[in-house]
Every structure is written in C-alpha cells, then in structure tokens.
Amino acid sequence: MSSSRSGAARIPFTKNSQWTLTWTSRPASDLAFGEPVGVPRTGHTDRVWAIATAVVDGRPVAVSGGRDRTLRLWDLTSGQQIGQPFTGRAAYDYVESLATTVLDGRPVAVFAGGNNGIVRVCDLMSGQQVGEPFRGHTDWVKAVATAVVDGRPVAVSGGHDKSVRMWDLRTGEQIGEPFRGHTKWVTTIATTVVDGRPVAVSGGHDRTLRMWDLKSGRRIGKPLRGHTYHVELVVTTEMDGQPVAISSGADDGTLRLWDLRSRQQMGNPFRSDTGFVKAIATTVLDGRPVAVTGGIDGHVRIWDLESRQQIGKPLTGHTDHVRAIATTVVDGRPVAVSASDDHTVRMWDLSSGRRVDESLNRHTGYVSAAATTVLDGRSVAVTGSYDKTVRVWDLPTGEQVGDPLTGHTDMVTAVATALVGGQPTAVTGSSDKAVCVWDLRSGTQIGGPFTGHTNAVCMAAVVEFDGQPVAVTGSYDETIRMWGLNTGEEIDASRAGRRRCTRAVGATTLNGRPVALTVTQDGTLKVLDLTTNRSTTTSPADRHGESVQNLAVTTIGDRPAAIIASRNSSDPVKIWDLATGDALGELPTGATGAVAAATVDGQPVAVTTSYQTVRVWKLTTRRQIGPDLHVPKPVTEVAISVDGHVIVCFDRDIAVFTHTPAPREHRGDPSE
C-alpha cells in the first residue's frame, strides 16, 4: 500500500461516527449495512424466494420476500428500495409464495410460508398487516394466488396438507370447503378466466395439474397428466385469445403448454438445456406471447410460446438459483424482475436482453485481492480477480479508471501498490506463477513478468531496500522472492530458494531491512530477515495452538506492528510489536476473513472481517469506529485508503464506505 497522502479531505475518527456507502459495483439496493440515512439502501440478507409486481402511488413496483422473513418494496423506475422492509407485528415466517392484488382501492400483497399454515395480507402503501392472518391450513403453505369472484377479491392457497383453499380478502374468512383431490403436497397455484368463469389451476407432488371452478368450488374435469416428476410451477396466459397454462416439471426438465378449455397438452414439451426450472412468468414481447424462466444455473431465459424456441442468449447476472420471476411494463418496456438465492433482486429489459442495473464497472469473477494508492491526486483502489484482470477504481466516484489490465493467464491472487520513479505502480501475483508490474497512469505493463516461482503466487508487498523499491512475493511453492522494481531483476536469485517458509503472509521494513512474516505449522508467526534468511523475532503461538489465518502490517507510533487473526473465530484479533515480539493488545472480535491496516488522518486503523460483517478499529485505543458494516456475501478481501475509504470485496463486487462523523452534539471523546 502506498504511503502517499491524497488531496481528499481528511476524515476525523470520532467515537460516535457512521459510515456512508460511497459507491458499489452492484446496485446499492442489494446491500445491507446498518441503519441507513434517508431512503434505506438495504437488501435481503438471505435467499429471495418470491416476487410479484404491482402499482403503488402510480409507479410500477416489485414486492419480494424470502428466507430473511421480510417483504421489500422496490421502485422499478429508479431501482431503489421503497421505505423500510415490512416485518409485520412480529417477524414474518419465511416468505415462499407471494401474489398482489387491489383491496378497496389499495394495493396489497398476499403471502405465505413456514409450517404454521398461515396466509397473511400486507398493505403495500402503509406496510401494515391487514386484519388477522388466515388460518385453516394444517401444514406448510407453499402457494398463493389472487382472483376476483363475484366482484370480491379473493386469495387461493395450497400446501402440504394437500388442500386448496379460498379466502375472502375483505373479511378474512375461508370461502366454502377446501378443494380436495391432490394426493400429495400442493406446490403451485395460478388463476385465470375460462369461458367467463374464474378458475384456479394447481399443481403438486402427485405429478398432476388440477382445475377448480372458483364460483362453485368444484373440480373441473380430470387431472392433467404428463409430467414425470412433481409439478414445480404453473402460470397462466393467453395465446390467440385462448386461456393456456404453462407448467414446469421440476427434475424432468420440461415446460409443458396446456389448453385450459380442452384440458389437453399443446404439442410436445419444450426443454431447458439446464434442467430444473424454478421460476416462470409470462408477458408479451414484440406482439408474441413469451415465457420468462429461471433455474438452478442462475440464468434467466426467454421462450417464444408458439415456436417453443429460446429467444436470444440467457440473461446472466445472478450467482445462484433463480427462485421467482415476475413481469411488468416500465416506461413502455416489457420488464422482468427476478429473485435469487444469491440474496438479490434483479431487473431485466426483455426487449434488449440486458440487465437494467447492468454495469461494465464490475469484475466477472471473484474479487480476490485489493490495495489502494493515489493516482493523479485522487485516491484509487486496485483490485485483482478470478477473471484474470486487474482493475483500477476512482474511490470518490466509483468510476473504473481506464480499461482492465490484462496479461495474467490465470486468476489474480495478490496486489500491492507503490511509487516507482515517482509513478504510481501496482505489483500483482497470479496462479499463473508470474509477477507483473503495472504503470497505473498509462495502464500498461512495465517490462516482462517476473518468473521463477513454481506454484501460484499468494502474497505481494512492496518494501524499501537500500533506498530502492523492492517487490516481495510469496508462493505456494514455499519460497519468498525479491524483485528490484527499478531494475526489473530478481535480487540475490541464488539464495531465493533458501528463503523458505510454510506460508508467506506479509512483508514490511524493520530497522531499515526488508522482512517477511511467515507462519509455521504450529501456528507461530516468524519475522524473517530477507537479507540474512534468519528469523529475527518469533511471536508465541496463540493459546489454542491455532494457526494464523490472516494478518496486516502497519505502524503504531513509530513501531512496526502486525494485526493477526486466528483460524479460531472465537479468538480476538491480536496486535504484535514486530521489533520485540511483545503483545500490544487485542481487538474484541473474531475475524475469519480478510484483515487490512493503514494510517488514516495520522491514526493507525485496522479493518477486520467475519463472514459478511466488516468492522473498523482505531488501533491506539482498540475501539471500534462506527457501527458494523454488512454486505450480502462473504467478504473476500478488504483494504483501507489513507483518506479513509474502506474497500470491501465480495463475490464479483466492490463496495466502498466513507467515514461520516456524527453531528457535533453527539460526538464522544475526541480522542476516540
């Protein structure tokens, strides 16, 4: 990490301080981080299982729900979440099924999930539960739909008790007796109108579809058979003015089209080349009826219902199963909204086949390394990824600086920055065993790659040696090598093989000499003098004998120090004086992920991570700065710039948080 200071405003670190999301390479609505200011930029914190569309206050919206037991409302024009999550009088059960309708002029969501057999209604304008829950099912409710019967809005539900039930949304009363006929769980329900009569179509684990007359409460005809596995989904639409249903057969990998008047299958099934289809919605695209599907591969596909052919390429962006899809029209464009196990809700322009929130400013593989420096007076982050590229980001704006830096032939696993001849420079290591040096101003590689490691490079750092910048790299070949950045040559190559270690985890300068921090099998941290190959200091192994998981190097006062996280997540993070091996204290947090450190506004600061949580610490007091920060996936790497930007990498995305002091009257002791 460069020691140069940025021209950006310095950020005072106070006890009662907050963090603001400066920018992120995924939609801010996908993130969750403490108490937001103004419009909450929070997102689901677990799998999203259900989604539907509606109109609220004249604007198109999507409603989503899932395993985090919340309902969330999204403005489809701006892509922002509307208001706080709906959690009801008490935390909702898992939301597995969801439908919308209008009740007395107000948009509402009908939803269910959990094993208590309850169906609930939520007012989408107020966020309040409407009336009492509907009780009647004796087991898990897996499906809900809405309809209008004799002028009154109704909900239709089905579940593990094998029954289909109808509810008056105004009174909350069950209408008539349960519809019975399925011999196993009911998993899906859709409604439509056939010959002027409201009809429900249900599917279940008995591999059949069944039709129900909602006015009389009677089953219509015989079951519709054809699927060889349980019916996962059913939706309804029209083709040439005729009511039809589309069903998915779970593991049989088929979509089937049904004429609801004749109750016959229309033509041969059409198959998804990835098998299990978990989500279906219908709409009209360029005058043609289409189905939009999602499945276990995380892709969204568009199908022409008449030709049974896929239209265009799959729409990519989700990183896990797509569980639910809904369609609507936004500004005259047909749009699909999808929900996924990756905790995100995404929006797709079906005419162009592009994700509405799509941005080129995003790695296409896991972000595995990050560092910061200053480029032309502006603070930047440099990141490396499994996509084999290195990217530079302007921290104040979030804009990518120039094109991706390409040259590595395998995943980029290590990044360090420095000034070489006054030029901002990055040093990167890769699983291709090579070390590359980049001129960040021109975006070009300086010289050829450094070669010599015989296995993947896992660590890179830049230190000074005899007044010259030197890159120190560690590899899974258990060697540490030094490279002169001014000369482009390996330093003392004849002795490189003797600089052996179990695992190289960092490098710095101690008493004017370059040192590497290495870990032995018993969990001991050693400080290796790279000019003599001697361990100058050995710190004690922790009390549990656990090995070091991650560390960062910084300076506290005028003493070089290491911030050390154990593999045992219950252990605190420890701070060691590298010159003496003395313990300098602990941070009261267990960190099983990445660790970073820097000097910000003259104060030594550390960043620790635990799964999806990020914490920032002032090292002189060992107290946390501001609240916990949260992201929707496990953190893969963190960095902190000298002007106070905290860079958080997770999956293929990067979020940057900037410290915002609390109002003056709420600040604590300025020393904090």
Side-chain angles (χ1 to χ4, degrees), residues 1-4 369 371-374 382 384 390 407-408 412-430 433-441 445-454 456-475 477-501 503-518 526-537 551-555 560-562 578-579 597-599 639 642:
M1 184 179 295
S2 168
S3 60
S4 302
T372 63
T373 188
V374 176
V382 184
V390 178
H408 283 295
V412 179
T413 51
V415 174
T417 58
L419 288 177
V420 179
Q423 299 298 313
T425 303
V427 178
T428 59
S430 166
K433 310 173 189 176
V435 176
C436 292
V437 182
W438 309 88
D439 182 326
L440 296 181
R441 185 167 285 123
Q445 190 171 327
I446 302 172
F450 298 153
T451 58
H453 284 297
T454 59
V457 179
C458 59
M459 180 273 285
V462 178
V463 298
E464 280 198 4
F465 180 49
D466 292 336
Q468 300 297 316
V470 171
V472 180
T473 57
S475 166
D477 64 10
E478 298 186 0
T479 68
I480 299 170
R481 295 174 183 263
M482 296 171 58
W483 317 87
L485 294 180
N486 285 334
T487 65
E489 300 291 336
E490 184 172 355
I491 297 175
D492 196 9
S494 63
R495 302 184 64 184
R498 299 208 300 273
R499 299 189 186 98
R500 303 196 66 83
C501 64
R503 184 161 59 98
V505 290
T508 187
T509 301
L510 181 61
N511 298 324
R513 302 170 73 90
V515 297
L517 281 66
T518 67
K526 291 190 175 183
V527 182
L528 177 67
D529 188 317
L530 293 175
T531 60
T532 65
N533 286 331
R534 294 178 180 175
S535 296
T536 56
T537 305
L551 66 78
V553 180
T554 189
T555 301
L578 292 178
T599 298
V642 294

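- When atom types are taken as modelled, the side chain of Ser475 and the backbone of Ala456 share a donor-acceptor pair closer than 3.5 angstrom.
- Distance CZ/Arg481 to CD/Glu490: 5.0 Å, rounded to 0.5 Å.
- Contact record, Pro449 with Cys436: CB-SG, 3.9 Å, taken as the closest heavy-atom pair.
- Atom OG1 of Thr508 and atom CG of Leu517 lie 8.0 Å apart (nearest 0.5 Å).
- Residues Val515 and Leu530 fail the side-chain proximity criterion, which asks for heavy atoms closer than 4.5 Å.
- For the side chain to side chain contact (heavy atoms under 4.5 Å, CB included) test, residues two or more places apart in sequence or in another chain that qualify with Thr509 are Val463.
- Under the rule for a side chain to side chain donor-acceptor pair (under 3.5 Å), the partners of Gln423 that lie at least two apart in sequence or sit in another chain are Arg441.
- In terms of the side chain to side chain donor-acceptor pair (under 3.5 Å) criterion, residue partners of Gln468 (sequence neighbours excluded) are, by chain and number, Asn486.
- For residues 506-516, the pairs satisfying salt bridge (Lys or Arg N to Asp or Glu O under 4.0 Å) are Arg513-Asp529, with sequence neighbours left out.
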I would like to know whether Val420 and Ile446 meet side-chain contact (heavy atoms from CB on, under 4.5 Å); could you show each step before the answer? CA-CA 11 Å; Val420 179; Ile446 302 172; over 6 Å; no
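- Take Ser430 and apply the side chain to side chain donor-acceptor pair (under 3.5 Å) test, not counting sequence neighbours, and it matches Asp432.
- Evaluation of the side chain to side chain contact (heavy atoms under 4.5 Å, CB included) rule for Val412 yields Val390, His408, Val415, Thr428 as partners, not counting sequence neighbours.
- The CG atom of Leu485 sits 11.0 Å away from atom CG of Leu419, with the distance rounded to the nearest 0.5 Å.
- For the pair Ala471 and Val427, the tightest heavy-atom approach, listed with the atom from each and the gap, is CB-CG1, 4.0 Å.
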Test side-chain contact (heavy atoms from CB on, under 4.5 Å) applied to Val470 and Glu464, step by step: CA-CA 6 Å; Val470 171; Glu464 280 198 4; over 6 Å; no
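- Nearest heavy atoms, Ala416 versus Ala460: CB-O, 3.6 Å.
- Looking only at distances, no side-chain donor or acceptor of Thr417 sits under 3.5 Å from a matching main-chain atom of Thr425.
- For the pair Lys433/Thr451, no side-chain contact is recorded, criterion being any heavy-atom separation below 4.5 Å from C-beta on.
- Listed here is the closest heavy atom pair of Thr372 and Ala639: CG2-CB, 4.1 Å.
- Residues Ala426 and Val382 approach most closely at CB-CG1, 4.2 Å, considering heavy atoms.
- Looking only at side-chain heavy atoms (C-beta outward), Phe450 and Val437 come within less than 4.5 Å of each other.
- Side chains of Trp483 and Thr473: a donor on one and an acceptor on the other come within 3.5 Å.
- Within the 3.5 Å criterion, the main-chain N or O of Ala597 finds no donor-acceptor partner in the side chain of Thr554.
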